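Only one structure is covered here, and it is reproduced in the block below.
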Amino acid sequence: MSASQVMKSAEKLPSNLFAMVEPMEHEQVMFFNDPETGLKGIIGVHNTVLGPSLGGCRIWNYESETDALWDVLRLSRGMTFKSSISGINLGGGKAVILANSKAKRDEKYWRRFGQFVDSLNGKYITAEDVGTSTEVMSYVMQETKHVTGKPESAGGTGDPSPFTAYGVFLGLKASIKQAFGSDSLAGKKVSVQGVGHVGYYLVKHLTNEGAKVFVADINQQNLDAVVRDFGATVVGTHEIYDIDTDVYAPCALGATVNTDTISTLKCAVIAGAANNQLADETIHGNLLKDKGILYAPDFLINAGGVINCYREVHNLSEQEANALIEGIYERTLGIFARASAENISTQEAAIKIAVERINSSKAN
Ligand code: NAD
């Protein structure tokens, strides 16, 4: 491309890129591009006060480059809060790759990604996320040691989803206790949206404790598995917002808690695995509070996976990691107490606690 062509495309860029980065307080954003393999993406390093930034690498067919930038910025910020509130010494980071997540990519592609991660000298540690896997990480680790979620055969802890699901289950139980006075799930009705890696294990925990579980998914195979293995009841993908349940557990997509769905949801509690469940954390956090629906902040209760990655980084024993995951129950109750004492939304209370830990660590 000639210099004048480059200038012409630069004119189309927003002139205020820093206006996206500054309010969210990112330390660093790296764009990477490898014409040979076609790899292109962005790494967001949000905050490294507590430790190196850690977060998964997502591959997604974004509608625009601005969408990709926005995604990496908000996801890496969420990782900062997630690690801080979980009491682990990691910061928040994330990588997004702009590509069709379904296409098969070769070893060279992923090794090149590993080289870009390595160029940050440990400021960012990668892991698997939507569209990536332990197999991908086995290629990445050939180029950098700053990688977690490695296959068990390579000394890693494998798929983080069962750990995430266990943490979500404990956060959900704490929410039930807050809302109903007892954390027993016997006879409670729970709707689970998305029964993939995390949703499957969540349904297992819920049905083991006697909950009646309703599930919705766009993937028939995944639905068949939870019906066959746990006797879950299938409902439609729109119906999931309308049915009369005690708990709605979003385990598929972000932003499903929004003005439309809040007006139809009949549950007392929202507690699930999906990241960024609130379409707008202030507006919808407050709307839920006003409507009397108890919301368990996603970054608080879905931290089991990152805690498991922390285990790899710091060579913790399985017992030590489990103890951190089990702490999600008490931490969730703590957030509810803080929200109620200050008459603020549970989302705001959780962010406050996460930021306070970072600030007090800065002061030391
Ligand atoms: P996954 O891709 O394995 O499962 C997602 C499921 O949601 C799939 O079965 C998919 O078919 C279904 N789905 C997609 N669109 C849907 C729709 N419109 N309605 C109903 N179902 C739909 O992902 P996962 O690893 O189980 O993660 C689930 C969520 O939890 C994601 O938002 C992810 O970011 C978040 N999360 C996962 C982990 C983890 O350890 N895997 C950790 C933290 C957060």
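When a ligand or atom number is given, it counts from 1 through the structure's own listing order. The model shown is predicted, which means the values in this text are computed figures rather than measured ones.
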Between [X] and [Y], is NZ or CZ placed under 6.0 angstrom from the six-membered ring centre and within 45° of the ring axis?
X: Lys188; Y: Phe180; answer: yes
X: Arg105; Y: Tyr109; answer: yes
X: Arg111; Y: Phe113; answer: no
X: Lys212; Y: Phe214; answer: yes

Yes or no, since that's all I need: does a protein heavy atom fall within a distance strictly under 4.0 Å of atom 2 (O) of ligand 1?
no

Is there a protein heavy atom at a distance of less than 4.0 Å from atom 23 (O) of ligand 1?
no

If you apply the rule salt bridge (charged side-chain N to carboxylate O under 4.0 Å, His left out), what do you find for Lys352 with Glu356, and how did you get there?
CA-CA 6 Å; Lys352 271 190 166 188; Glu356 281 165 9; 5.9 Å; no

Nearest 0.5 Å, please: how far is NZ in Lys82 from CG in Leu75?
9.0 Å

N or O contact, [X] vs ligand 1, cut-off under 3.5 Å:
X: Val198; value: yes
X: Asn302; value: no
X: Lys82; value: no
X: Gln193; value: no

Counting only heavy atoms, which portion of [X] has something under 4.0 Å from ligand 1: side chain, backbone, both, or neither?
X: Ser161; answer: both
X: Asn275; answer: both
X: Gln221; answer: neither
X: Thr164; answer: side chain
X: Ala252; answer: both

Counting from 1, what ligand 1 atoms have a heavy atom of [X] closer than 4.0 Å?
X: Ala216; answer: 20 (C), 21 (N)
X: Cys251; answer: 5 (C), 28 (C), 29 (C)
X: Ala274; answer: 29 (C), 30 (O), 32 (O), 35 (C)

Counting non-hydrogen protein atoms only, what is the nearest one to [atom]? Give residue, atom name and distance.
atom: atom 25 (O) of ligand 1; answer: His197 CB, 3.6 Å
atom: atom 4 (O) of ligand 1; answer: Gly196 CA, 3.3 Å
atom: atom 36 (N) of ligand 1; answer: Ala273 O, 3.7 Å
atom: atom 15 (N) of ligand 1; answer: Ile218 CD1, 3.5 Å
atom: atom 18 (N) of ligand 1; answer: Leu253 CD1, 3.5 Å

Taking the ring of Tyr200 and the ring of Phe230, is the distance between their centroids below 6.0 Å?
yes

Between Lys189 and Asp244, is the salt bridge (charged side-chain N to carboxylate O under 4.0 Å, His left out) condition met? List the steps.
CA-CA 8 Å; Lys189 290 185 273 178; Asp244 212 341; 5.4 Å; no

Give a yes/no on ligand 1: does Arg58 have at least one heavy atom closer than 4.0 angstrom to it?
yes

4.5 Å side-chain heavy-atom contact, Trp60 and Leu98
no

Sub-4.5 Å side-chain heavy-atom contact between Thr37 and Asp34
yes

Residues Tyr310, His314; criterion ring pair (Phe, Tyr, Trp, His ring centres under 6.0 Å); working and verdict
CA-CA 6 Å; Tyr310 184 66; His314 285 272; 4.6 Å; yes

Can you classify the ring geometry of His205 versus Tyr166 as parallel (below 30°), tilted (30 to 60°) or perpendicular (above 60°)?
tilted

Between Lys108 and Glu36, is the closest basic N to carboxylate O distance under 4.0 Å?
yes

If you compare Thr237, Val130, Asp217 by their heavy atoms, the one closest to atom 10 (C) of ligand 1 turns out to be Asp217

